[in-house]
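As structure tokens, the structure follows; a few thoughts come after it.
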Amino acid sequence: MAAWHRVAAEDDLVENMPLAVRVGDLSIAVVRLEDGIFAVNDICTHEYALLSDGFCEDGKLECPLHQACFDIRTGAALNEPAEVPVATYKVKVEEGEVFVEA
């Protein structure tokens, strides 16, 4: 069953700068965009690489290994070599603290 986990202070998040967090065994990338805070699985679905080490622009999170891009809002794989989307997680902010449901 999913539960809410505190992963960061809202002030820790810089727009378009992925933040790597752990929730149990899960690696999650949390990203602040202009329209909200989003969270996706931090492991590229093409080949093992941490998406949080990549680049985020225009809502796209780029893998640092082979430049596959994922939509940070939906997890959709946007270009090859990735074909499988990354998992997304619900995010909420309460009293300046960021929580992810996982």
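In the hydrophobic clustering of this structure, Leu13 groups with Val93; members are Ile, Leu, Val, Met, Phe, Trp, Tyr whose side-chain heavy atoms approach within less than 4.5 Å, directly or through other members. Tracing side-chain contacts under 4.5 Å through hydrophobic residues (I, L, V, M, F, W, Y), one reaches Leu19 starting from Ile37; they form part of the same cluster. Leu65 is not connected to Leu51 by any chain of hydrophobic side-chain contacts under 4.5 Å among Ile, Leu, Val, Met, Phe, Trp and Tyr, and they are in different clusters.
When all heavy atoms are compared, the tightest approach of His46 to Ala82 is CB-CA, 4.0 Å. Heavy atoms only, all atoms of each residue included: Val98 and Ala9 are closest at CG2-C, 4.2 Å. Across Arg73 and Asp71, no two heavy atoms sit closer than the pair N-OD1, 2.7 Å. The two residues Pro85 and Ala76 have their closest heavy-atom pair at CB-CA, 3.9 Å. Residues Gln67 and Asn79 come closest through the heavy atom pair O-ND2, 3.3 Å. For Pro18 against Gly54, the heavy-atom pair with the smallest separation is CG-O, 4.0 Å.
Side chain of Asp42 to backbone of Leu50: no donor-acceptor contact under 3.5 angstrom is found.
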**Message:** What verdict does the side chain to side chain contact (heavy atoms under 4.5 Å, CB included) test give for Lys90 and Trp4, after you've listed the backbone C-alpha separation in whole Å, the side-chain angles of each residue and the deciding distance to 0.1 Å?
**Reply:** CA-CA 9 Å; Lys90 292 181 182 176; Trp4 290 99; 3.7 Å; yes
**Item:** Candidate pair Val21 and Val100, rule side chain to side chain contact (heavy atoms under 4.5 Å, CB included), full reasoning
**Value:** CA-CA 10 Å; Val21 300; Val100 171; 5.5 Å; no
**Asked** Under the side chain to side chain contact (heavy atoms under 4.5 Å, CB included) criterion, do Thr45 and Phe70 qualify, and how do the steps go?
**Response** CA-CA 10 Å; Thr45 58; Phe70 298 89; 3.6 Å; yes
**Residue pair Arg32, Glu10: steps toward the side chain to side chain contact (heavy atoms under 4.5 Å, CB included) verdict** = CA-CA 9 Å; Arg32 176 195 292 270; Glu10 188 175 13; 3.0 Å; yes
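Side-chain contact between Leu61 and Val40 is present, with heavy atoms from C-beta onward closer than 4.5 Å. Using a 4.5 Å heavy-atom cutoff, the side chains of Thr88 and Thr74 are not in contact. At a threshold of 4.5 Å between non-hydrogen side-chain atoms, the residues Asn16 and Leu33 count as touching. Put simply, the side chain of Ile28 does not reach to within 4.5 Å of the side chain of Val7, judged on heavy atoms.
Salt bridge Lys60/Glu62: absent, no basic N to carboxylate O contact under 4.0 Å.
Screening Glu97, Glu94, Glu101, Glu95 for a salt bridge (charged side-chain N to carboxylate O under 4.0 Å, His left out) with Arg6, the sole residue that qualifies is Glu97.
Taken from CD in Glu57 to CD1 in Ile72, the straight-line distance is 13.5 Å, to the nearest 0.5 Å. From Ile43, atom CD1 reaches atom OG of Ser52 across 8.0 Å, with rounding to the nearest 0.5 Å.
Atom CD of Glu15 is surrounded by more than 12 heavy atoms from other residues, nucleotides or ligands within 6.0 Å. More than 12 heavy atoms of other residues, nucleotides or ligands shown are found within 6.0 angstrom of NZ on Lys92.
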